[in-house]
Amino acid sequence: MPIADSKIRVFTTRPDTLFGATYMVLSPEHKLVPQLTTPEQKKAIEDYKAFAAGKSDLERTELAKEKTGVFTGAYALNPVNGAKIPIWIADYVLASYGTGAIMAVPAHDERDWEFAQKFELPIRAVVMPPVEWLKKNAPADWSHLDPNSFTVEFAKIPKNFKTAFTDEGHAINSKNLEVSLDSLGVTEAKAKITAWLEEKGLGKKTINYKLRDWLFSRQRYWGEPFPIIWKKDAAGNLYHEALPESSLPLLPPSLEDYKPTPDGQPPLARAKDWLNLPDGSVRETNTMPQWAGSCWYYLRYTDAKNAGGFVGKEAEQYWMGSRGRQSAPSSAPEKNASTNVGGYETPGVDLYVGGTEHAVLHLLYARFWHKVLFDLGYVSTPEPFFKLVNQGLIQGEDGQKMSKSRGNVVNPDDILVEFGADAFRLYEMFMGPLQDTKPWNTKGVEGVYRFLGRVWRLFVDEQSETEFEQAETNAEPQGRGELLDLIKLNAAIKDVQPTPAQLKPLHACIKKVTEDLEGMRFNTAISAMMVSINDAMTWETKPASLLKTFLQLLAPFAPHLAEELWAKISTIYSQPSTSLAYSPWPKFDPARLIESEIEIPVSVNGKMRDVIKVPADADHATLEAIAKASEKVKAFTDGKVIKKVIIVPKKMVNIVVA
RNA sequence: GCCGGUGUGGCGAAAUGGCAGACGCACAGGACUUAAAAUCCUGGGACCCUAAAAAGUCGUGUCGGUUCGAGUCCGACCACCGGCACCA
C-alpha cells in the first residue's frame, strides 16, 4: 500500500472540517494521477479517464446525478492527524476549479456524502448539528429513542443519519497534540486551524477568484480570425505568436465554400494562400464567436472610421464619459446626485436594455473587456454602462419559452410582412410592462394594427383611398409609389382653432405619453393614445394643429405611419413642412388640465356607496354636507351614530358609523 | 441548491393607500352588405334577486397584521417563471 510521497494541494472553504477528511478526490485530469496510480489500478483508472473525457459538459453537470469514480490504489496522510486516507479520482471534482483536488469530508458535504455512501468510504463527524436537525434526519425507526442520545450517536456513527450536515455548528472530534478545535463555532474554528496550518507551513489562507470558463473560439467561418500564428521551435514543438500591430486588422479570406474541410479542419483552412505564410508559419484557423465583437462595439461606434485604433482618445473621452459631455447646453435639466457618478452625468452608454438570459452573460463579458481596457489605460472609465434595464422574455403563444424544439417560435419576418414594422413595434411595446415576461399573441398584433388603421382613416379621405387602391391594382409595380398622391386628406380636417373640449384631452394625452416615455411605460402611453384617437373619431371638425400634435406623440411608437401622415397633413398649409423627426416634442399646458367639477366616491365604513359631483375646490364642510345629503348614503347612515367623517379633498369622503 | 422575478376577468393587462378591471384581445348581439371580409355600434368578474333592471353580497395566489379605508404597506407561506450551478 504505497503512500504518496508528493504533496497534493487542495482548496477548501471549510478548513474547520479538516479532521473529518476521510478520503481525497482528484479530478480525472489532475497531473499527479499517473504517478499515484498503482499497477493493479492502472487499467481501471485509465478506463475511467477515458469515460470522463468522453462526457460532454452537459452530461457532466445536468445529467450526472449519480456519483462515479475509481480508487487510485494510493493513500495520503491527513496533515492534522496523520490518518492514512485513500485517494480516488472522480469527475464530480472539476479540474478547472481550485487546485483540481479536494479533501473529502463526507459528514459535512453533500457531494462527498453521496460518494462515500456509494463506495462505502468512512464518514467521520466533526461538526455537531443542533438537536432539531438530528431529530429530523435521524433514521425513522429511532422515533422511540431519546433525542438526547442522538448527539452521542451522531458523534460516533454519522452515516446512520439521512444526509450530510452542512450548516454551522460547534466542532467535535477535532484535536491533535498541538491544536484543538473542539466546541468552537465554525468561524472561530476556521481561524484557529488556518493559523495553525500556516504556522506549520502546511497551508495558506487565500482568496479564490472565479470567472466562468468561456470557450473563446469557434470552428466557423463567420467570426473574427485570431491574429495569431503558429511556429515550430528547434525541437519541432508548436508555439504561437501574436501578429505585429502593423499586420492588423487581420481580415478573413474570401471563400467559395464556407463548410469545414472533409478532414474536420475549420473553414479557414480552405484558404491555403491565406493560411500559409512565407516563413513557414501557419495561421490560427478558429474564429472568435459573436461575443468578441459585441463586447466592444459600443466603443467602436463612437469613432467608427478611425483607421489608427479601435477608438480615438477624444471620441472615447467625449462619449464614454471622462469629460462628462461638457459641451451639452448648460440649460440641460440638473440631475440629482445619485445619477452623478464620479463627477460625470450618466457616463458611458446611458442605458443598456436586454433580457437577463442574454444580458447576464453578455454584460459580464463586455464589462470584463472594458475593465481590462481600463487597466491598460485605453479607456477612461472603469464601467461602460450607466444603467441596466432587463426587459422581460417574450414567450411563445403557449406561455413557454420560445424554442425550435417546442415549435412555438414566432418569426418576426412573417409578422413584418403581414402587419408592417410599425404594428410589430407598437405591439411589442403594448404587450405589458417592459420588464415583465409575457406570452406572444398574434391576435394582439391585429389589435394594434386596427388602431393604426383607425389613425390612418382619421386622416385620409376614404373615397380617394378607394381610387388609389383601384389605380394601384392596375399600375405597373414601379409606378405605384407616385400614386400615393391620389390619397387626399380627410375633408373634416380644417385649419381651425381647437375647442377647449378638444384641447383638454389632448393635453392630458401629451402629459401621459411624455411621462410614460420617460419611465419606459410604453404600454400605458399607447393606451392613452388609443383613448385620444377613439375620441377624435367622433369629432365633426378635426383641427389640423391638434392632429399634428398627436402625430408627434405617435412618432416614437409608429414612425413610418406618423411621418407619412405628417407629410399628408402639411399639404393643408401653404409652406412645405420639414420632417416630423426634427420637430420639437410637444409640451403640455397644466392650465388646460384643470377641472372645475369632479366626481368623488363616498363610502360608509370603507364601502363605496355613492359618487357625488362636487366643485373641484370644495372645502371639507361642503364635501361633508353634500356627502351626507346623498340618498344612497343616507340608506346606510340613517338611525346610526356617525362616529367620524374622513375627508380627503379631491379624493373621497368616508363616513364611519357605529 | 443559490440568486432574481411574477401571481388581478376566458386572455395580455391598468390602478400617487381612496370608484378594482382603463386600453387591447377573444366572445355575444346589432348596423352596413345579395352575401362575406373590412368597418361601425352595444354588452360582458362572480353570486343573489328579477320578465328585465335597480339594490345587495363576494372578489386581486393563501393565511394573518397595520389602517377610517389595502391589489397597493408589514409578516409568514404556496405556486409558477428566468438566470446560475457537482465551484469543494
Side-chain angles (χ1 to χ4, degrees), chain A residues 10-15 17 21 24-25 27 60-68 90-105 108-112 114-115 166 208-213 355-361 364 390 392-393 395 397 399-401 426-427 430-433 435-451 453-454 457 462 512 521 523-534 537-538 599-612 632 635-636 643-648 650-657:
Chain A
V10 299
F11 173 75
T12 183
T13 57
R14 289 296 298 275
T17 62
M24 293 191 69
V25 185
S27 70
R60 271 204 181 196
T61 56
E62 283 175 42
L63 305 178
K65 293 278 188 306
E66 184 76 2
K67 294 279 180 293
T68 58
D91 67 358
Y92 83 90
V93 172
L94 308 175
S96 57
Y97 187 77
T99 59
I102 61 158
M103 62 175 207
V105 186
H108 304 292
D109 181 284
E110 275 177 34
R111 298 152 299 182
D112 297 344
E114 267 179 56
F115 193 81
T166 56
N208 198 33
Y209 293 97
K210 186 175 105 182
L211 182 65
R212 187 175 183 268
D213 182 28
T356 51
E357 74 294 336
H358 169 252
V360 163
L361 292 173
L364 180 68
N390 284 136
L393 192 77
Q395 301 162 317
E397 297 207 83
Q400 300 281 318
K401 189 171 176 173
L426 196 64
Y427 173 63
F430 184 64
M431 291 171 83
Q435 289 88 342
D436 287 6
T437 298
K438 48 219 175 263
W440 177 268
N441 179 3
T442 301
K443 288 283 184 195
V445 189
E446 291 174 24
V448 295
Y449 182 73
R450 278 202 279 269
F451 163 66
R454 279 203 298 283
R457 288 193 303 276
E462 289 197 52
K512 180 79 178 149
R521 294 178 295 269
N523 55 328
T524 49
I526 293 166
S527 96
M529 289 187 286
M530 287 173 166
V531 172
S532 285
I533 285 297
N534 290 344
M537 295 294 275
T538 66
E599 289 187 340
I600 65 168
V602 181
S603 49
V604 179
N605 285 354
K607 289 196 177 183
M608 211 277 286
R609 298 301 180 186
D610 197 11
V611 176
I612 54 174
K632 287 177 183 170
F636 291 91
K643 286 167 66 180
K644 203 198 262 190
V645 180
I646 291 141
I647 295 163
V648 184
K650 296 191 206 297
K651 286 290 175 193
M652 46 70 64
V653 176
N654 186 23
I655 299 168
V656 184
V657 298

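Chain naming here is simple, since letters A, B, ... match the order of the sequence lines and numbering starts at 1 in each. Keep in mind that this is a model prediction, so the values were computed, not measured.
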Considering only the [atom1] atoms, how many Å lie between [N] and [M], rounded to the nearest integer?
N: B:rG45; M: B:rU39; atom1: C1'; result: 29 Å
N: B:rA76; M: B:rG24; atom1: P; result: 41 Å
N: B:rU72; M: B:rU16; atom1: C1'; result: 11 Å
N: B:rC77; M: B:rC84; atom1: P; result: 27 Å
N: B:rU60; M: B:rU8; atom1: C1'; result: 4 Å
N: B:rG18; M: B:rG4; atom1: C1'; result: 33 Å

*asked:* Any non-hydrogen side-chain atom of A:Val657 less than 4.5 Å from a side-chain atom of A:Phe636?
replied: no
_Is the shortest side-chain heavy-atom distance between A:Phe430 and A:Met530 below 4.5 Å?_
yes
_B:rC86 base / A:Lys67 side chain donor-acceptor hit below 3.5 Å_ = yes
_Between B:rU6 and A:Lys438, counting only base atoms on the nucleotide and side-chain atoms on the residue, is there a donor-acceptor pair under 3.5 Å?_
no
How close or far is atom [atom2] of [N] from atom [atom1] of [X], stated in whole angstroms?
X: A:Tyr427; N: B:rG24; atom1: OH; atom2: C1'; answer: 10 Å
X: A:Glu446; N: B:rC27; atom1: CD; atom2: P; answer: 10 Å
X: A:Glu397; N: B:rC11; atom1: CD; atom2: C1'; answer: 11 Å
X: A:Lys607; N: B:rU67; atom1: NZ; atom2: C1'; answer: 16 Å
X: A:Arg450; N: B:rA37; atom1: CZ; atom2: P; answer: 13 Å
X: A:Leu393; N: B:rG4; atom1: CG; atom2: C1'; answer: 14 Å
X: A:Asp109; N: B:rC87; atom1: CG; atom2: C1'; answer: 11 Å
X: A:Met608; N: B:rC58; atom1: CE; atom2: C1'; answer: 15 Å

*Using a 90° cut-off around 0 for syn, call B:rG59 syn or anti.*
anti
*In terms of base orientation, is B:rG64 syn or anti, with the syn window spanning 90° either side of 0?*
anti
Measure from the side chain of [X], starting at C-beta and using heavy atoms only, and say which of [options] lies closest.
X: A:Phe11; options: B:rC23, B:rG18, B:rA88; value: B:rA88
X: A:Thr524; options: B:rC19, B:rG18, B:rA15; value: B:rA15
X: A:Met431; options: B:rC19, B:rG12, B:rA15; value: B:rG12
X: A:Val93; options: B:rC81, B:rA88, B:rC23; value: B:rA88

Check the phosphate of [N] against [X], side-chain N and O only, distance under 4.0 Å to OP1 or OP2. Yes or no?
X: A:Arg454; N: B:rG24; answer: yes
X: A:Asn523; N: B:rA14; answer: yes
X: A:Arg521; N: B:rA22; answer: no
X: A:Arg609; N: B:rA55; answer: no
X: A:Arg457; N: B:rC40; answer: yes

_Closer than 3.5 angstrom, by distance alone: can the side chain of A:Asn441 be matched with the main-chain N or O of A:Lys443 as a donor-acceptor pair?_
yes
_Taking any heavy-atom pair under 4.0 Å as a contact, classify A:Gly98: base, sugar-phosphate, or nothing._
nothing
*Describe the nucleic acid contact of A:Phe115 in one word from base, sugar-phosphate, nothing, applying a heavy-atom distance below 4.0 Å.*
nothing
Identify the nucleotide, in any strand shown, that forms a Watson-Crick or G-U wobble pair with [N], with both distances under 3.5 Å; if there is none, say none.
N: B:rU8; answer: none
N: B:rG1; answer: B:rC84
N: B:rG43; answer: B:rC27
N: B:rG75; answer: B:rC63

*More than 12 heavy atoms of other residues, nucleotides or ligands under 6.0 Å from OH of A:Tyr449: is that the case?*
no
*On RNA chain B, check which nucleotide each of A:Arg14 and A:Asn441 is closest to and give me the residue with the more 5' one.*
A:Asn441
*asked:* Quick check: on RNA chain B, is the nucleotide nearest A:Ala528 upstream (toward 5') of the one nearest A:Gln395, or the reverse? Name the residue that is more 5'.
replied: A:Ala528
*Does one side chain, of A:Tyr92 or A:Asp112, offer a donor that lies under 3.5 Å from an acceptor on the other?*
yes
